[in-house]
Amino acid sequence: MSTANTVLLVVSALLALGGAVGTIAAARPLRAALALLVNIVALAGVFLSLHAQFLAMVQLIVYAGAVVVLFVFVIMMVGATGKVPRSPRGLATKTVSLVVMSVVSLVLVFGVAYVSMPAAHLPHGYGTVEGLGAVLFTQAAVPFELVSITLLVAVVGALAVARGRTPKEAAEARARRAAEGLEADARLAEERRISAEVSAHGGH
Amino acid sequence: MTLSELSPLSLPLLVLGAALIVLLADIALPKNGGRHLGLFMAAAFAAIFGASFFLDSSGRVFDGVWVGGDFTLFFDRVFLLAGTLACLGSLDHVARHMPGRQGEYYLLLAASVLGMMLLPGARDLILLVVCFELMGMPLYLLAGWAKTDDTRGRGKNAAEAALKFYLVGAVSSVFLLLGLALVVGMSGTTSIEALGHMRHSALFDLGLLTLFGGMGFKIGVVPFHMWVPDTYEGAPTPFVAFLSVAPKAAGFAALTVVFLAGFHVPSGSFMPLMLLLAATTMIVGNLFALRQESAKRLLAYSGITQVGYMLLAFATGTRLGTAMLLFYLLGYTVTNIGAFMVIEATASGDQGEDRVSDFDGLYARSPALALAMLLFLLSLAGIPFVVGFWAKLYVFIAAWEAGHGVLVFLGAVLAVVALFYYMRIARAMYMNEPKDTSPIKTPFGVKLAIAICLAGVVGMGAYPAPFLEQAMLASRSLFG
């Protein structure tokens with residue numbers, strides 16, 4: 001790895017970390033979205049330093065170009081300028097999660113740093129546009145098609161869950177609930193009448 | 001490539017076709033046609049279940065990315081059965097409580113079944129993760145289906161159910177991907193069959209552990225079980241019946257493929273960990289189930305306990321243990337769906353509170369429902385001679401032969417503890433006075449689903465041999 005490459009990797013990685021922290025720490029939604037943008041662009045830098053040019057380009061086009069812009073649009077449209085409420089969790093919970101996460105991260109860091117890694121042998125052209133195209137039409141054809149089904153289902157489902165009731169449907173639901181309530185009331189009245197009769201007969 | 005090369009995938013492709021018909025018909029049909037879509041989907045699942053006995057679905061697709069055989073066939077039938085029962089049981093619930101979004105409900109159910117059916121045959125880690133997503137995404141959405149439409153005003157519960165489930169699912173997917181990245185990074189291949197011959201290194205094992213964690217979330221192993229009771233409580237009951245069995249079966253199918261057939265793991269370092277998890281899962285599920293007042297929550301914790309028994313069968317790592325795991329999953333499918341359908345039948349008339357006390361005097365209100373629930377509970381507890389008894393017995397035999405006598409003893413003791421809380425419901429049904437004496441009107445779809453489950457529980461209890469043989473066959477095809 002050349003010096004320039006190492007510099008690119010380190011700078012990008014630090015920026016990506018900073019962006020990730022900023023995304024979850026920012027109190028305003030818009031700032032969180034912008035921090036996410038930093039994270040995404042920096043990740044593209046990491047991919048570049050690893051010679052995955054195609055992945056870096058896709059990362060920029062799809063995530064920085066489309067996803068973050070969508071986020072920003074939605075935030076602007078909803079006008080979410082308020083601050084995120086403070087977490088209701090107590091100090092104990094926070095400490096426990098901090099300790100657990102630190103242990104996990106330390107294990108990962110030491111794993112990467114000190115365990116000898118026999119680098120896997122990669123076939124020629126791995127990660128290039130040609131290599132990716134060939135895989136997409138052979139081994140990865142089934143998962144690729146399945147991803148499109150997953151996306152279709154996710155869109156349809158998200159729309160169905162998110163859409164509210166139309167006024168007409170709301171009126172129907174109210175009517176139905178009222179009818180069910182009346183039915184239950186009638187049943188209750190009938191039971192009262194019967195039990196009253198029974199007790200009246202018992203009195204004779 | 002010709003079309004005939006795709007023939008091993010014929011069953012999942014048929015499900016996909018049915019799902020697309022539902023999607024298009026939902027647009028074309030008038031607004032109140034949703035119920036017909038449900039009927040169509042139930043019929044389609046049943047027909048594909050029937051077709052599974054005639055179509056040859058063995059073979060390799062795309063150089064062994066997906067491999068069909070007796071193992072996939074067994075699981076496909078379990079998922080198709082669960083899908084049929086879920087559609088039947090949902091017909092009235094969905095038409096009544098969420099009339100505005102019926103077509104989408106059945107579309108999502110079918111998509112989830114499609115993801116599950118592809119899981120057992122996946123021999124490529126990327127395909128495995130995609131199948132998990134295709135299975136999981138519709139489930140998160142369906143868990144929150146009652147969000148705005150529920151006439152009983154429990155939309156808040158539904159939102160909580162969906163959100164908790166979604167967040168846990170997203171985290172588990174992250175774990176899966178992290179494990180996958182480590183494993184693939186160390187080996188350079190995503191093929192599960194090729195990975196079996198890899199030399200294990202520390203990072204490779206860490207990746208495997210992370211993969212196991214990700215799958216553990218999906219099946220609800222302790223300590224990844226927190227989402228289960230809350231999700232069950234807020235989601236529509238007929239959907240919970242499906243959720244409580246099918247994703248677990250799919251999760252165990254993936255675990256078996258990756259860890260037993262792929263990596264031959266339990267013979268190595270992971271065995272003590274899995275046994276420990278099996279024991280903890282059995283104990284924790286039982287202890288929490290004891291104190292539940294909601295029938296759905298009680299069955300949720302009982303389901304966690306059952307996962308412990310399945311994990312015990314899985315941890316044997318033998319061909320026999322895997323066969324017993326498959327039989328257990330089959331028995332659990334009919335039993336648990338049946339029990340949740342009875343809850344649906346008893347709770348739907350009232351305010352839908354599904355408390356244990358709602359079962360008070362069920363015998364007086366509907367003797368048939370009470371008898372069905374009693375048999376399902378006996379099967380869950382493992383009392384002779386319903387299917388649950390054989391399932392537990394076979395798991396114990398496999399675990400005993402693998403040398404886990406202590407865990408067999410623990411499992412037997414816990415089964416007695418479990419009897420206590422199952423019998424709480426039985427006592428309420430037969431001994432308590434009913435608060436509400438009106439007879440229960442059970443919708444036809446729910447009745448049919450309960451009848452099918454009952455036939456399974458009693459039939460497999462009386463003649464377990466042919467089903468056990470199928471499980472053995474499936475296990476043999478996986479281990480070769």
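Computed over heavy atoms, backbone and side chain alike; hydrogens, waters and symmetry mates excluded. Chain A is the first sequence line, chain B the second, and so forth, proteins listed ahead of strands; every chain is numbered from 1.
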Okay, B/L118 and chain A: the region with an atom under 4.5 Å from a heavy atom over there is side chain
The interface call for B/L127 against chain A, heavy-atom contacts under 4.5 Å, is both
Counting heavy-atom pairs under 4.5 Å with chain A, the top scorer among B/L134, B/V65, B/V129 is B/L134
Shortest non-hydrogen pair, A/P143 vs B/I126, comes out as CB-CG2, 4.2 Å
Here the pair of heavy atoms bringing A/F137 nearest to B/F62 is O-CE2, 4.3 Å
One should read off an interatomic distance between B/M135 CE and A/L146 CG, to the nearest 0.5 angstrom, of 13.5 Å
Okay, A/A141 and chain B: the region with an atom under 4.5 Å from a heavy atom over there is side chain
| said: How about CZ on A/F47, more than 12 heavy atoms from neighbouring residues, nucleotides or ligands closer than 6.0 Å, or not? | reply: yes
Here the pair of heavy atoms bringing A/A160 nearest to B/R101 is O-NH1, 2.7 Å
Scanning both residues in full, the closest heavy-atom pair of B/W145 with A/G157 reads CZ3-O, 4.2 Å
From the list A/V153, A/L151, A/T150, side-chain contact (heavy atoms from CB on, under 4.5 Å) partner of B/M137 resolves to A/T150
Value for CD1 (A/I149) from CG (B/L16), rounded to nearest 0.5 Å, stands at 4.5 Å
Taking CZ in B/F212 as the centre, count heavy atoms belonging to other residues, nucleotides or ligands within less than 6.0 Å. Is the count above 12? yes
The residue among B/L142, B/L108, B/L141 that forms side-chain contact (heavy atoms from CB on, under 4.5 Å) with A/V161 is B/L141
So do A/L152 and B/L23 actually touch side chain to side chain, heavy atoms under 4.5 Å? yes
